[in-house]
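Report on the following structure.
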Amino acid sequence: MTIGERIKILRKKNDLTQEKLADFLCISYQAVSKWETGLSSPDLSMIIPLAKLLNVTTDELLGAGSKDSDNYYHELEERYNETFKTGDMEMRMKITEDAVKTYPGDMDWLNRYAWDIWCYAVDHFDDEFENNRNKAIRLFDVVITNTDNSETKVHAITGIVQCLCGKGLKAEARKYVDLFPDTKVIPSEKDRLLGKCLEGEEQLRHKQNYLDGCFNTLLQTLLWEGIAENKHTCDAAEGIIKAMIPDGNYCCYNFEMSHIKFRKAEIEAKAQNPDTALQLLKEAVHYAEEYDVLLNKSPGEYAFTAPVICGLTYNSRDWCRTGEGSLFDDIREMSKRQSFSELHDREDYKKLFCEK
């Protein structure tokens, strides 16, 4: 925004006409008109009087005010955010072009500008594609080098890695991944980006490990973070496991399957459906025993065989233990809860637990 544009906005905000402003400053009306249309700029001697008259600091008048007090900065942000609702990419580009000119050195706007150039290039795959991609790479690099904001840096690194990997420059992209700041996101964005920079078997193993981390995080949220308090969320967790591992070789996820079945059994028991509850307990015991074989009876190296994660291997000796007993022991102890009292005298229940 030019100083003339700021004068116009502030003049109207203070309910002043061009004529009044000129009269108060003892200058011609034409001078004010030329300022506001960009044909000329105020003399340096006019800056302090203008600022006082328009009720702003000289920094604000000159466009050097803080973001918090800069109405135009917030106006640009509002207009920019609106384009994500309208989908007007050309308007988005105009806004960021204006922003980087008006606020040079603002890394947040420069990062947005780089992303807009890159997204525009992808959506308009034409003769200018490579030039636009290279321009985005240069801008992302400037942001990464100069920003102190970790979120902005993460966003810029994500952009430059995408661009460089698209050019086949994976080794160079890897260098930017190494600049990734610490993040609490698990699995981290850094791991996801690193997968783009690798090749062959190394890339496959990395991506499958990343996928397994995402898979595990989702299950943890469903089962252990207080979300799975009803049958629907238990069904969701079970469905996710079966979709990821359709061949039934659940390996370490026998642990989750056992707990899912137990929770569903408890829900059915509380709903006074004892036969269904007992069947689910039998399934919980089955998965617990499968898990215990891998952990206690035959510990060692195992591999998933499901197509999506068939490259993953694990050592059951490394699994975390929360007690000296087995998972079967845990299920047996939990089944003694009052909610299962209707089952405790049944012979099929006793056979399931007491004879083992």
Side-chain angles (χ1 to χ4, degrees), residues 158 161-162 165 168 170-171 173-178 180 182-225 227-228 233-263 283-331:
T158 301
V161 168
Q162 286 187 11
C165 286
K170 295 193 173 185
R174 177 77 177 266
K175 294 177 183 178
Y176 284 98
V177 175
D178 292 339
F180 208 95
D182 291 337
T183 175
K184 295 181 180 179
V185 178
I186 300 174
S188 72
E189 176 70 4
K190 181 177 181 179
D191 285 338
R192 187 184 71 80
L193 290 176
L194 181 58
K196 292 179 176 291
C197 304
L198 304 175
E199 295 185 275
E201 287 297 319
E202 185 181 15
Q203 183 184 64
L204 176 63
R205 286 194 301 273
H206 181 87
K207 286 189 173 183
Q208 288 191 341
N209 274 304
Y210 176 79
L211 175 62
D212 185 54
C214 295
F215 177 36
N216 188 58
T217 299
L218 179 56
L219 289 178
Q220 294 297 317
T221 303
L222 283 169
L223 296 176
W224 315 121
E225 301 300 328
I227 294 178
T233 45
C234 288
D235 286 343
E238 182 179 355
I240 290 167
I241 294 175
K242 289 183 175 179
M244 284 286 294
I245 312 174
D247 64 359
N249 180 23
Y250 298 127
C251 299
C252 53
Y253 290 107
N254 278 301
F255 183 88
E256 280 74 18
M257 286 294 289
S258 180
H259 279 279
I260 288 169
K261 294 297 185 179
F262 177 82
R263 290 191 180 199
E283 294 178 36
V285 167
H286 166 73
Y287 291 118
E289 291 176 332
E290 291 288 306
Y291 182 82
D292 289 337
V293 167
L294 300 176
L295 181 64
N296 300 314
K297 296 182 179 179
S298 302
E301 294 280 348
Y302 290 92
F304 286 98
T305 51
V308 177
I309 50 176
C310 61
L312 293 182
T313 60
Y314 61 91
N315 192 327
S316 61
R317 295 186 180 90
D318 298 330
W319 290 355
C320 177
R321 293 173 179 266
T322 56
E324 296 180 358
S326 65
L327 181 55
F328 170 80
D329 293 334
D330 292 342
I331 298 296

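Throughout, residue positions are numbered sequentially from 1 according to the sequence presented. All values below were derived from every heavy atom in this structure, side-chain atoms included, with hydrogens, water molecules and symmetry-related copies excluded.
Rounding to the nearest 0.5 Å gives a distance of 13.0 Å between CZ of Phe215 and CD of Gln208. Considering OH of Tyr253 and CD1 of Ile241, their distance stands at 8.0 Å, rounded to 0.5 Å. To the nearest 0.5 angstrom, Met257 atom CE is 10.5 Å from Leu223 atom CG. From Glu290, atom CD reaches atom CG of Leu327 across 11.5 Å, with rounding to the nearest 0.5 Å. In this structure, OH in Tyr210 is found 12.0 Å from CG in Asp212, a value given to the nearest 0.5 Å. Taking NZ of Lys170 as the reference point, atom CD of Gln203 lies at 4.5 Å (rounded to 0.5 Å).
Considering only heavy atoms from C-beta on, Arg192 comes within 4.5 Å of Thr158 through its side chain. Looking only at side-chain heavy atoms (C-beta outward), Leu211 and Met244 come within less than 4.5 Å of each other. Taking the side chain as every heavy atom from C-beta outward, Ser316 and Cys252 never approach each other to under 4.5 Å. Tyr250 has its side chain within reach of Lys242: a pair of non-hydrogen atoms, C-beta onward, lies under 4.5 Å apart.
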Checklist entry - Can you list the steps and then say if Arg174 with Leu198 is a side chain to side chain contact (heavy atoms under 4.5 Å, CB included)? => result CA-CA 8 Å; Arg174 177 77 177 266; Leu198 304 175; 3.3 Å; yes

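No more than 12 heavy atoms of other residues, nucleotides or ligands shown are found within 6.0 angstrom of CD on Glu201.
Looking only at distances, no side-chain donor or acceptor of Asn209 sits under 3.5 Å from a matching main-chain atom of His206. Checked by atom type and distance alone, the side chain of Ser258 pairs as donor or acceptor with a backbone atom of Ala284 at under 3.5 Å. With hydrogens and angles ignored, the 3.5 Å screen pairs a side-chain donor or acceptor of Asn254 with a backbone N or O of Cys251.
Of all the heavy atoms in Cys165 and Lys196, the pair that sits closest is SG-O, 3.4 Å. For Val161 against Ala173, the heavy-atom pair with the smallest separation is CG2-O, 3.8 Å. Here the shortest heavy-atom pairing between Asp247 and Ala306 reads OD2-N, 3.2 Å. Minimum interatomic distance between Val177 and Lys190 (heavy atoms only, all atoms of both residues): O-CE, 3.5 Å. The two atoms that bring Ala303 and Asn249 nearest to each other are O-ND2, 3.3 Å, heavy atoms only.
The aromatic ring centres of Phe304 and Tyr314 sit less than 6.0 Å apart. Taking the six-membered ring wherever Trp is involved, the centroid distance between the rings of Trp319 and Phe255 does not fall below 6.0 Å.
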